[in-house]
Amino acid sequence: MPSEFDLIQRYFLSDPRRDDVIEGIGDDGAVIRPPAGHDLVISVDTLIEGVHFPSGTQAASVGHKALAVNLSDLAAMGAEPAWATLSLALPQSDEAWLAGFSHGLRQLADRFYVSLIGGDLVRGPLAISIQVIGLLPHATAVCRHGARAGDFVFVTGSIGDAGLGLASMQGAWPLDGNGSVQYCLSRLNEPSPRVAAGVALRGLASAAIDVSDGLSADLKRMLAASGVGASIELTRIPLSAAARRLFGDSIDWDLVLTAGDDYELLFTVPATRADALCKRFDSLNLPITHIGYIEQQVGLRFMEDGVERTLELSAGYDHFAV
């Protein structure tokens with residue numbers, strides 16, 4: 001049976017893909033050399049089997065998602081990813097699973113020029129913790145607390161697909177011939193971190209957050225940090241063609257607004273910068289949608305054709321909710 005050292009060497013050791021990695025995997029710690037004039041942005045997330053990904057999810061998808069959710073946090077702050085560390089707990093040394101996991105992780109890391117520079121491998125219930133470190137020019141970070149009354153509220157991509165994917169795994173929809181369920185499952189299992197979009201927000205967005213726990217819950221966090229409120233027009237919330245096919249004539253707003261795992265960027269922009277924002281995004285091949293406005297009155301209000309609509313929404317995901 002291979003040792004911990006053997007498994008690390010076989011599945012996670014690779015030549016540093018970045019010149020700023022002085023010492024990577026194989027020593028007691030990593031040594032990196034950040035470029036002058038840049039700030040570091042650091043984030044860490046832990047994924048637990050049965051909580052963050054369903055049991056039986058393909059190992060490559062788990063590897064992809066474990067890194068993607070962290071890159072999404074960097075994207076929300078306008079940072080470009082650079083380095084990552086991995087702490088992995090495995091019930092047993094399943095080399096087939098490790099091969100798939102490391103492949104999915106490495107493919108996404110290569111796509112965003114991220115070097116895995118260290119970590120740990122232990123025996124225990126399946127859990128994955130990844131820390132990512134990103135770079136941005138000094139004092140250009142986009143934070144949650146900058147939204148101001150009058151700002152426009154935007155979101156990238158589409159909302160609700162991942163929630164539909166999870167619902168399909170729980171038996172809500174059978175596999176369909178037009179690929180709608182498959183598309184939503186791909187959004188759940190292999191989300192696309194909006195790194196380029198985050199970089200494009202530098203100097204334009206007043207606040208941003210990634211949609212991980214549901215649009216409603218994450219927007220409330222941004223509003224609380226900024227001390228403001230917002231009105232959101234339901235009919236403007238972008239839904240994919242796949243989602244519209246699955247919903248049919250009755251949109252489940254609770255699922256759309258609270259299911260989470262979309263990993264889109266939700267952000268605010270002063271009205272005077274809205275045109276510049278749209279021009280900057282023209283070259284990114286990623287749609288953005290103006291869904292509402294920041295208001296001085298605290299609280300989150302949902303509107304439909306200009307009339308406030310009362311929705312009984314779930315609270316969004318909370319690890320410690322009873």
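Position 1 is the first residue of the sequence, and the numbers go up from there. Side chains are part of it too, since the values below use all heavy atoms of this structure and drop only hydrogens, waters and symmetry mates.
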**Message:** More than 12 heavy atoms of other residues, nucleotides or ligands under 6.0 Å from CG of Asn285: yes or no?
**Reply:**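 Counting neighbours around CG of Asn285, 12 or fewer heavy atoms of other residues, nucleotides or ligands fall under 6.0 Å, so no.
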**His38 NE2: over 12 foreign heavy atoms closer than 6.0 Å** = yes
Do [Y] and [X] meet the salt-bridge criterion of a basic N to acidic O distance under 4.0 Å?
| X | Y | value |
| --- | --- | --- |
| Arg221 | Asp218 | yes |
| Arg236 | Glu304 | no |
| Asp19 | Arg33 | no |
| Lys65 | Glu190 | no |

**Request:** Could you check Val44, Leu67, Val114 and say which one makes a side-chain contact (heavy atoms from CB on, under 4.5 Å) with Val132?
**Result:**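 The residue from Val44, Leu67, Val114 that satisfies side-chain contact (heavy atoms from CB on, under 4.5 Å) with Val132 turns out to be Leu67.
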Regarding [X] and [Y], do their side chains bring together a donor and an acceptor under 3.5 Å, going by distance alone?
| X | Y | answer |
| --- | --- | --- |
| Arg18 | Ser115 | no |
| Ser216 | Thr258 | no |
| Ser240 | Asp161 | yes |

**Request:** Output yes when a side-chain donor or acceptor of Asn70 lies under 3.5 Å from a complementary backbone atom of Asp45, and no otherwise.
**Result:** yes
**Asked** Just by distance, do the side chain of Ser226 and the backbone of Leu223 share a donor-acceptor pair under 3.5 Å?
**Response** no
**Asked** Do Val153 and Phe267 pass the side-chain contact (heavy atoms from CB on, under 4.5 Å) test, and can you show the C-alpha distance, the side-chain angles, and the key distance before you say yes or no?
**Response** CA-CA 6 Å; Val153 182; Phe267 57 95; over 6 Å; no
**Asked** Would you call the rings of Tyr293 and His290 parallel, tilted or perpendicular if under 30° counts as parallel and over 60° as perpendicular?
**Response**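 The arrangement is perpendicular - the two ring planes meet at more than 60°.
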**Asked** Between Phe281 and Leu286, which heavy-atom pair has the shortest distance, and what is it?
**Response**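 Heavy atoms only, the tightest pair is CD2-O, 4.0 Å.
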